[in-house]
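Because the structure is a prediction, the values reported are computed rather than measured. Below, each value reflects all heavy atoms present in this structure, side chains not excepted, and no hydrogens, waters or symmetry copies.
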Amino acid sequence: MQRSATIAVLVENEAGVLARVIGLFSGRGYNIDSLTVAPVDEAGKLSRITVVTSGTEMVIEQIKAQLDRLVPVHRVSDLTLEGPHLTRELALIKVTGRGEHRVEALRLADAFRARVVDATTESFVFEMTGNAEKIEAFLALMRPLGLAEVSRTGAVAIARGSSALAA
Amino acid sequence: MSATQAHAPAATEHRSGAEVVLRALKDQGVDVIFGYPGGAVLPIYDALFQQNAIRHILVRHEQAAVHAAEGYARSTGKVGVVLVTSGPGATNAVTGLVDALMDSIPVVCLTGQVPTHLIGNDAFQEADTTGITRPATKHNYLVKRSEDLASTIHDAFYVAKSGRPGPVVVDLPKDILIKAAPYTEAPSQEEPHRSYRPRTEPDRNTVLEAVRMLKRAERPVVYTGGGVINSGPEASRLLGEFVRLTGMPCTSTLMGLGAFPSSDPLFLGMLGMHGTVEANLAMHGCDVMLNLGARFDDRVTGRLDAFSPGSKKIHADIDPSSINKNVKVDVAIVGDAGRIIAALIEAWKADETPVAKEAQSGWWKNIHEWRGRDCLRYVQSGSIIKPQHAVHRLFELTKEDGRDTFISTEVGQHQMWAAQYFGFEKPNRWMTSGGLGTMGYGLPAAMGVQIAHPDALCIDIAGEASILMNIQEMGTLAQYRLPVKVFILNNEYMGMVRQWQELLHGGRYSESYSDALPDFVKLAEAFHAKGLRAETADQLDGVIREMLAHPGPVIADICVAKDENCFPMIPSGAAHNEMILGPDSDGNARAVTDEGKVLV
């Protein structure tokens, strides 16, 4: 039984830490569906990596245990397993064209609450946040309307409620 | 690296980073390092020249420096230390690092690096050492600021020896070694590490659950591994106490040999691919298995879906990632092997669950029957020396000799024969490359052991092919007058390769013949050592005695039967109850399935 897992990893913000995490996934043959990283504390000493992966329960347990034993890793949290959580992704989407397609793209963007952040007479750049399904649904609609380019951040996630993941 | 918070106010300034490096090593209790100089580490060599606290052993190849440090570490329980230069010095060390990683040996390897301003410029003897060694080490560091130098080295030692031990690389740019640098003391032991705090104390409830399971067991078995050795000699003593207290049969992995005395009637011998019948059938037929500090390696389990099918499994390991990696277990105890065994003893004594004694006596009857097959039996007849006989005689004569004896091996048939026919009574006496299977490990490892134990008897049981992979270390033996004995089982074949070609590839011995071998007696003499040779069975004891009596290094070339195979054998892709017992065993025909062929 395969499942998807969104894993939050708090790490030391030091050189090579991302390479360690990515090397672990490639070296042991695990999947990375998306991965994001940025510093998250005031002093800039801690970074948070959000990795979306998939595998059997045994593989996902292995991924977490392998991550946890990396020296610069403080905490590993399987958000999927640990309960309700929020996942968001940001996408910048460029659509080109003229005429009716252009009007339709704008109408759909409005329905999806995508914001126009750049426009020319023959293009729009939409900014949209949401979970991966929402972004994919929007992209599918844009494809026949002149979808030209996409830039996505990958998922970031956080647990609901008052408990916090800290070093 | 942003290890620690730079300038502690009490930091003392040193003339050079190199001096700081040596002071940090000294404060970490280092008395010897194995190394090879080169441009990037010249400042450290200059500082070494001007002090006496740390001894440097000059090896002949950087790979050997790491294996020597492994031998030193494994035989003392201390961290082994290596010093090599940038570029080729570091890349040559990589095999040793992976070897130490696979076998969980604590090693700190200092590598030189081009100065910080040249990093990334493809400078002379530049290599991306931290990049190359990232998957080859437990952890690595590149020191970019002088103020991080001392704290990084302290951190490296902490990481190398804490939790599941392993190799750690500290990459040292030359400008950092030359510039003045502050010294900071090692953090006190009570001060928790900022991110790496492995669990060592087991959960008491889980221990109790394990004890109850074991008491109710009708067919229990204890399976121990290198984790017991790594935990220190006290863990081995406790293991003996626990096994005798419970009366359970005990088997060991290759890496765990010596933790439990081989002469004890409760010991079943080694398990796994070349393990004994009684060990493997006990694993296959048990109803409760207690794994102490082993990792369900593929050499041990054989075919996973047929591994010990009817048993409840308890796994004690210091590394949570070892649990449920290969084999799903019922009870997991995370912690240090010694502390876990101590907790098991305590819980066993306190818990009132009755022991299933009657059923266990039936289990022992089975075991005695399997043992009665005498699976390691061999017949030494005629003048050709059987390799098993050579190891057996070596064992007997070293017992007579009486000195504390340390055995290292290379990799292949001779390694398995050494594991099968040399009995180990104590931990830390057996150095072998288990996980990585590195030919060329044994001679440098024996060298490191001899440095740590100058009066002990250190023997490398070798094959004629493996020994050539690090033969240059004979020069190191000569330089430091290290009386290591190299005992070559010379069958003129890469024996294990030949054995697999016989069993799996229709006897087509592709490239496995050791052609154009050197004359090992003359080779020994060329390296200022003694060379001996035994060609017939009646010469064997005499050669061994002469080897043991000689005060300096010796190569003993033991010409053994060329076509002998190592048995018992669980062919790849087979289960524990599908062992081949010998050349005439009816198992040979169905030995290897197509699925098995893809396995190594």
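Looking only at side-chain heavy atoms (C-beta outward), B/N140 and A/R20 come within less than 4.5 Å of each other. Residues A/R69 and B/R164 have side chains in contact (heavy-atom distance under 4.5 Å, counting atoms from C-beta outward).
Here the closest non-hydrogen pair linking A/A65 and B/S321 is CB-CA, 3.4 Å.
Residue A/K134 places its NZ atom among more than 12 non-hydrogen atoms of other residues, nucleotides or ligands, all under 6.0 Å distant. Within 6.0 Å of CD1 on A/I158 lie no more than 12 heavy atoms contributed by other residues, nucleotides or ligands. Within 6.0 Å of CG on B/D122 lie no more than 12 heavy atoms contributed by other residues, nucleotides or ligands. Around atom CD of A/Q2, more than 12 heavy atoms belonging to other residues, nucleotides or ligands sit under 6.0 Å away. No more than 12 heavy atoms of other residues, nucleotides or ligands shown are found within 6.0 angstrom of NZ on B/K312. In the displayed structure, A/R113 atom CZ is contacted under 6.0 Å by at most 12 heavy atoms of other residues, nucleotides or ligands. Counting non-hydrogen atoms of other residues, nucleotides and ligands closer than 6.0 Å to CZ of B/R197 gives a total above 12.
Comparing A/G16, A/G23, A/P72 by how many heavy-atom pairs each has under 4.5 Å with chain B, the most go to A/P72. The candidate with the highest count of non-hydrogen atom pairs below 4.5 Å against chain B, out of A/E61, A/R75, A/M58, is A/M58.
With a 4.5 Å cut-off on non-hydrogen atoms, B/D319 touches chain A through its side chain but not through its backbone. Contact annotation for A/Q66: both backbone and side-chain heavy atoms come within less than 4.5 Å of a heavy atom of chain B. At a 4.5 Å heavy-atom cutoff, the contact between A/V71 and chain B is made by backbone and side-chain atoms alike.
The line from CG of B/L142 to CD of A/E14 is 11.0 Å long, rounded to the nearest 0.5 Å. Separation of atoms CG (A/L70) and OG (B/S195) is listed at 9.5 Å; rounding is to 0.5 Å.
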